[in-house]
Q: 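Once you've had a glance at the structure underneath, I'll fire off some questions.
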Amino acid sequence: MLRVGVCVSGGGTNLQAIIDRVQDGTIQNASIEVVISNNKNAYALERAKQNGIHAEVLSPRDFDNREAFHEAFMNLLDSYELDLVVLAGFLVILPPQLFEKYENRVINIHPSLIPSFCGTGYYGLKVHEGALARGVKLTGATVHFVNAETDGGPILLQKAVEIRHDDTPEILQRRVMEEAEWVLLPQAINLIAAGKVSVVDGKAIIH
Ligand code: GAR
């Protein structure tokens with residue numbers, strides 16, 4: 001059984017997609033052990049509670065400095081003995097220790113086709129604003145392993161979504177979630193739980 005921790009900051013619709021796919025059996029051989037939020041008001045915490053999943057709040061604001069927060073965050077992850085950490089809209093600067101200690105055990109969902117509209121400053125609606133401003137006709141979502149480079153780790157899954165001429169950032173965000181994110185993230189977890197993913201020479205391979 002793959003022990004999964006999900007880190008969130010907001011609404012938690014991606015968390016909900018994972019919960020739903022565990023419950024309907026689409027994701028097999030994985031259990032959500034904990035949901036960790038940096039934001040005590042995140043609706044994602046409510047979703048965890050409603051589904052009987054441990055919920056933890058850990059905010060950088062409650063610590064004197066970044067290092068102290070990072071140490072507490074690492075201790076919290078370690079205490080759940082997780083095999084996989086899923087960043088599902090987790091908008092926090094990650095501890096440098098995480099990349100080494102949890103190498104190839106942390107995945108992130110990003111709402112664009114990486115390497116477009118990603119990296120520092122591209123999160124949430126800003127990603128979709130960027131895509132609309134550039135006038136691209138296709139966008140999408142990417143699940144990737146996390147390393148020290150923001151949105152730069154090995155790409156595991158991608159799915160394209162069409163942009164329409166009358167899209168607003170909000171409408172596009174919703175379509176990317178429905179058509180891509182809520183499909184890809186559960187799929188990625190299921191593939192990892194089935195032992196079908198490896199990282200070779202910095203690239204994720206599905207076999
Ligand atoms: C999602 O669109 C996710 O891809 C994005 O935040 C949203 C969280 O929504 N993540 C990033 O932009 C990371 N760079 P949710 O809380 O409803 O799952």
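The figures that follow rest on heavy atoms only: side chains count, while hydrogens, waters and symmetry mates do not. Numbering of ligands and ligand atoms starts at 1, following listing order.
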Q: With heavy-atom distances below 4.0 Å as the criterion, list the atoms of ligand 1 near Gly124.
A: 11 (C), 12 (O)

Q: Distance under 4.0 Å to a non-hydrogen atom of Tyr122: what atoms of ligand 1 satisfy this?
A: 14 (N)

Q: Does Ile109 come within less than 4.0 Å of ligand 1, judged by its heavy atoms?
A: yes

Q: Would a 4.5 Å heavy-atom cut-off, applied to side chains only, mark Lys49 and Val35 as touching?
A: no

Q: I need the nearest protein heavy-atom contact for atom 16 (O) of ligand 1: residue, atom name and distance, please.
A: Gly12 N, 2.7 Å

Q: If you count the atoms of ligand 1 from 1 in the order shown, which ones are under 4.0 Å from a heavy atom of Glu181?
A: 1 (C), 2 (O), 3 (C), 4 (O)

Q: Identify, with sequence neighbours excluded, every residue that meets salt bridge (charged side-chain N to carboxylate O under 4.0 Å, His left out) alongside Glu129.
A: none

Q: Do we see a donor-acceptor contact under 3.5 Å between the side chains of Ser198 and His207?
A: yes

Q: Could you tell me the residue and atom name of the protein heavy atom closest to atom 11 (C) of ligand 1, and the distance to it rounded to 0.1 Å?
A: Pro111 CD, 3.7 Å

Q: How about Tyr102 and Asp78: does a side-chain donor come under 3.5 Å of a side-chain acceptor?
A: yes

Q: Under 4.0 Å, heavy atoms only, figure out whether ligand 1 is touched by the backbone of Phe90, its side chain, both or neither.
A: neither

Q: Can you list the atoms of ligand 1 that are under 4.0 Å from a heavy atom of Met177?
A: 1 (C), 2 (O), 9 (O), 17 (O)

Q: Please determine, by modelled atom types, if Ser9 and Asn38 share a side-chain donor-acceptor pair under 3.5 angstrom.
A: yes

Q: Within ligand 1, which atoms have a heavy atom of Asn14 less than 4.0 Å away?
A: 1 (C), 18 (O)

Q: Give the residue, atom name and distance (to 0.1 Å) of the protein heavy atom nearest atom 6 (O) of ligand 1.
A: Gly89 CA, 3.7 Å

Q: Looking at ligand 1, does any of its N/O atoms fall within less than 3.5 Å of an N/O of Thr13?
A: yes

Q: Give me the ring orientation class for Phe73 and Phe90: parallel if the planes are under 30° apart, tilted from 30 to 60°, perpendicular past 60°.
A: parallel

Q: Report yes if some heavy atom in the side chain of Phe145 is under 4.5 Å from a heavy atom in the side chain of Val106; otherwise report no.
A: no

Q: Report yes if the side chains of Pro96 and His70 come closer than 4.5 Å at any heavy-atom pair, otherwise no.
A: yes

Q: So if I count the atoms of ligand 1 from 1 in the order they appear, which ones are less than 4.0 Å from some heavy atom of His110?
A: 14 (N)

